[in-house]
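These notes concern the structure reproduced below.
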Amino acid sequence: MHWSTCLVLSFSLSFVAGVAFDPRAYTIQSTSCRAVDRVLDKDININIDYVDVNPAAEKSIIMVHGWPSLWSSWGCQIEEFKNEYRMIAIDVRGFGGSTHPADVQSSSTLADITGDLTCVLEHVGIQSTICLGHDWGAEVCYEAARRRPDIFYAMVGVTVPYLHAAGPFADSAQLAAVMPKLAYQVFFENHTTEAVAELNKDIRRSLRATLRTVNSAPPDSFLTSTSTYLSAYDNVTEIPPIPFFAPSEETYFIERFSIQKFNHTLIFYTRGNRYGAWQSAQAQGNYTIPQPVLSVLPLNDPVADWVFAATYLKSAAFLPRLTTKTMEGAHWPHLEHSQVFNAILRAWLETLDYSLTPAQRVLSDEL
């Protein structure tokens, strides 16, 4: 079995080493954050787990994973940038060691998760930062930048473009009608309990089924069912290991994901959370993100044609300082081709003005 290593670049962008990321070398920290349980109609405390790399650095990046993932999915970016940036990588609420309100359906909107980010940043003493998100984590970063430009002065969205709330609300069925391989989201939305049970039956198999690459792709029918998630693999006895993890990384990933399993991870797909996120943005009436934005879109994602999606949604109209880059890769390009992604990210980071104060950045963005 061959797996990807993190190809670390020197400042001159020449390859210097191939290293396997060791997540066990990093200390998990935790902080208590306020959350709301909308079913119980009361405030509660949840714990958000994170790693804090190079806390002495002046510049910082907070990293937000998507579904189904963990903080350690940013291993190749941590290896690349850890000597230059303070890097905060979180387990999103409900994933790994980060806890969650009992209510999965409506108590974790993008605004709620933005609150978790600001809670962690306050806990570690960071006043302003760059938000780097993948998949649904990208949407969290877009929402964080939209809501809190005083804190998030730039952001990077990987794989998924800006899914703004400027138009009418669209549920999973409407989205799947345009992009058929989003049919699995209909299953997650309409049959959340059944979906969790299916995913929990074999954590390793569920993760291996999802985290694939172009050269180790899922079956063609994967993601096309509205009544099951894994049936495309019914004739596959043993799904190959996750191709971009070393065996020790995959073992860690499965162990940490198994802490809470998939019990609270479908928060991005439930109607209550999605409608709540849309409704909140509609109430504010502001969809434009004036800060610098880097959108990195893969060209071979079996989930969707994200370049088409960005055009269809007119995402760029709400991002006046947008830089869009495309690259080869499936849904996890920052892992599948980490050296290419890291080079794109480094080149963009070098264009940012780090000399401004938070207040100056907000004023600059408004001008």
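Computed over heavy atoms, backbone and side chain alike; hydrogens, waters and symmetry mates excluded.
A distance-only check finds no donor-acceptor pair linking the side chain of Thr326 to the backbone of Leu299 [under 3.5 Å]. Although no hydrogens or angles enter the test, the distance criterion places a donor-acceptor pair under 3.5 Å between the side chain of Glu249 and the main chain of Ala246. Judged by distance alone, with hydrogens and angles left aside, the side-chain atoms of Glu250 form no donor-acceptor pair with the main-chain N or O of Pro241 at under 3.5 Å. Between the side chain of Ser315 and the backbone N or O of Tyr162, at least one donor-acceptor pair lies under 3.5 Å. Remark: the backbone N or O of Ala347 is not paired with any side-chain donor or acceptor of Thr351 at under 3.5 angstrom. Judged by distance alone, the side chain of Ser280 and the main-chain N or O of Ala277 form no donor-acceptor pair under 3.5 Å. Within the 3.5 Å criterion, the main-chain N or O of Gly272 finds no donor-acceptor partner in the side chain of Ser106. Looking at Asn47, its side chain never comes within 3.5 Å of a backbone N or O of Ser30 through a donor-acceptor pair. Between the side chain of Asn263 and the main chain of Gln260, a donor-acceptor pair closer than 3.5 Å is present. Checking side-chain atoms of Asn273 against main-chain N and O of Phe268 turns up no donor-acceptor pair under 3.5 Å.
Proximity of Thr129 to Phe152: side-chain heavy atoms (C-beta onward) are separated by under 4.5 Å at one or more points. Side-chain contact check for Phe21 versus Cys76: every heavy-atom pair is 4.5 Å or farther apart. In this structure, the side chains of Ser69 and Phe253 come closer than 4.5 Å at one or more pairs of heavy atoms. Counting heavy atoms from C-beta outward, Asp49 and Phe95 have side chains that stay 4.5 Å or more apart. Here the side chains of Phe81 and Asn342 are in contact, with some heavy-atom distance below 4.5 Å. Residues Val51 and Ile88 fail the side-chain proximity criterion, which asks for heavy atoms closer than 4.5 Å. His123 places none of its side-chain heavy atoms less than 4.5 Å from the side chain of Gln29. The side-chain heavy atoms of Glu328 and Glu336, taken from C-beta on, include no pair separated by under 4.5 Å.
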Exercise for the section: Dump the intermediate steps for side-chain contact (heavy atoms from CB on, under 4.5 Å) on Leu266 and Leu199, then the final yes or no. Expected result: CA-CA 11 Å; Leu266 299 188; Leu199 292 162; 4.2 Å; yes

Handout entry: Test log, rule side-chain contact (heavy atoms from CB on, under 4.5 Å), inputs Tyr142 and Val293
Key = CA-CA 9 Å; Tyr142 281 117; Val293 173; 3.8 Å; yes

Handout entry: Pair Val92-Trp67, side-chain contact (heavy atoms from CB on, under 4.5 Å): steps then yes or no
Key = CA-CA 10 Å; Val92 171; Trp67 186 91; over 6 Å; no

Handout entry: Candidate pair Asp116 and Tyr50, rule side-chain contact (heavy atoms from CB on, under 4.5 Å), full reasoning
Key = CA-CA 11 Å; Asp116 297 342; Tyr50 65 93; over 6 Å; no

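For the atom pair SG of Cys119 and CD1 of Ile113, the computed distance is 13.5 Å after rounding to the nearest 0.5 Å. For the atom pair Asn300 CG and Thr213 OG1, the distance stands at 10.5 Å (nearest 0.5 Å). A distance of 8.5 Å separates CG of Leu352 from CZ of Arg321, quoted to the nearest 0.5 Å. For the atom pair OG1 of Thr114 and CD of Glu143, the computed distance is 5.0 Å after rounding to the nearest 0.5 Å. Atoms CG and OG1, on Leu182 and Thr226 in that order, are 12.5 Å from each other to the nearest 0.5 Å. Taken from CE in Met179 to CD in Gln185, the straight-line distance is 8.0 Å, to the nearest 0.5 Å.
Few gaps surround CZ on Phe169; more than 12 heavy atoms of other groups in view lie less than 6.0 Å from it. Other residues, nucleotides and ligands contribute over 12 non-hydrogen atoms within 6.0 Å of the NZ atom of Lys82. For Glu194, the CD atom counts as densely surrounded, since its 6.0 Å shell holds more than 12 non-hydrogen atoms of other residues, nucleotides or ligands. Atom CG of Asp220 has 12 or fewer heavy atoms from other residues, nucleotides or ligands within 6.0 Å. Counting heavy atoms of neighbouring residues, nucleotides and ligands inside a 6.0 Å radius, atom CG of Asp234 exceeds 12 of them.
Ile289 and Ala145 get closest at one heavy-atom pair: CG2-CB, 3.9 Å. The two atoms that bring Leu349 and Ile61 nearest to each other are CD1-CD1, 4.3 Å, heavy atoms only. For the residue pair Pro101 and Asp37, the shortest heavy atom distance occurs at CB-OD2, 4.0 Å. In terms of heavy-atom proximity, Tyr354 sits nearest to Tyr85 at OH-OH, 2.8 Å. For Met63 against Met87, the heavy-atom pair with the smallest separation is CE-CB, 3.6 Å. Minimum interatomic distance between Ala330 and Val214 (heavy atoms only, all atoms of both residues): N-CG2, 3.7 Å.
Counted by atom type alone, Ser108 and Arg93 present one or more donor-acceptor pairs between their side chains at under 3.5 Å. A donor atom on one side chain and an acceptor atom on the other are not found under 3.5 Å apart for Asn54 and Asn83. Side chains of Thr192 and Gln105: a donor on one and an acceptor on the other come within 3.5 Å. In the model, Arg274 has a side-chain atom that pairs as donor or acceptor with a side-chain atom of Ser172 under 3.5 Å.
The ring of Tyr229 has its center closer than 6.0 angstrom to the ring center of Phe188. With ring centers used as reference points, Phe318 lies under 6.0 Å from His164. Aromatic rings of Trp74 and His65 (six-membered ring for Trp) have centroids beyond the 6.0 Å cut-off, not under it.
Using a 30° and 60° split on the angle between ring planes, Trp332 and Phe244 fall in the tilted class, from 30° to 60°. Taking the six-membered ring where the residue is Trp, His331 and Trp306 present tilted rings, their angle falling between 30° and 60°.
Salt-bridge formation is detected for the pair Arg148/Asp150: a Lys NZ or Arg NE/NH1/NH2 atom is positioned less than 4.0 Å from an Asp or Glu carboxylate oxygen. Using a cut-off of 4.0 Å between Lys/Arg side-chain N and Asp/Glu carboxylate O, Glu198 and Arg205 are scored as not salt-bridged. Salt-bridge formation is detected for the pair Asp52/Arg86: a Lys NZ or Arg NE/NH1/NH2 atom is positioned less than 4.0 Å from an Asp or Glu carboxylate oxygen.
Just one residue in the list Asp112, Asp103, Asp43 forms a salt bridge (charged side-chain N to carboxylate O under 4.0 Å, His left out) with Arg38, and that residue is Asp112. Between Leu294 and the options Ile130, Thr323, Val158, a side-chain contact (heavy atoms from CB on, under 4.5 Å) holds for only Thr323.
Under the 4.5 Å side-chain heavy-atom criterion for Ile, Leu, Val, Met, Phe, Trp and Tyr, Val236 and Phe222 are members of the same hydrophobic cluster. Tracing side-chain contacts under 4.5 Å through hydrophobic residues (I, L, V, M, F, W, Y), one reaches Leu313 starting from Phe308; they form part of the same cluster.
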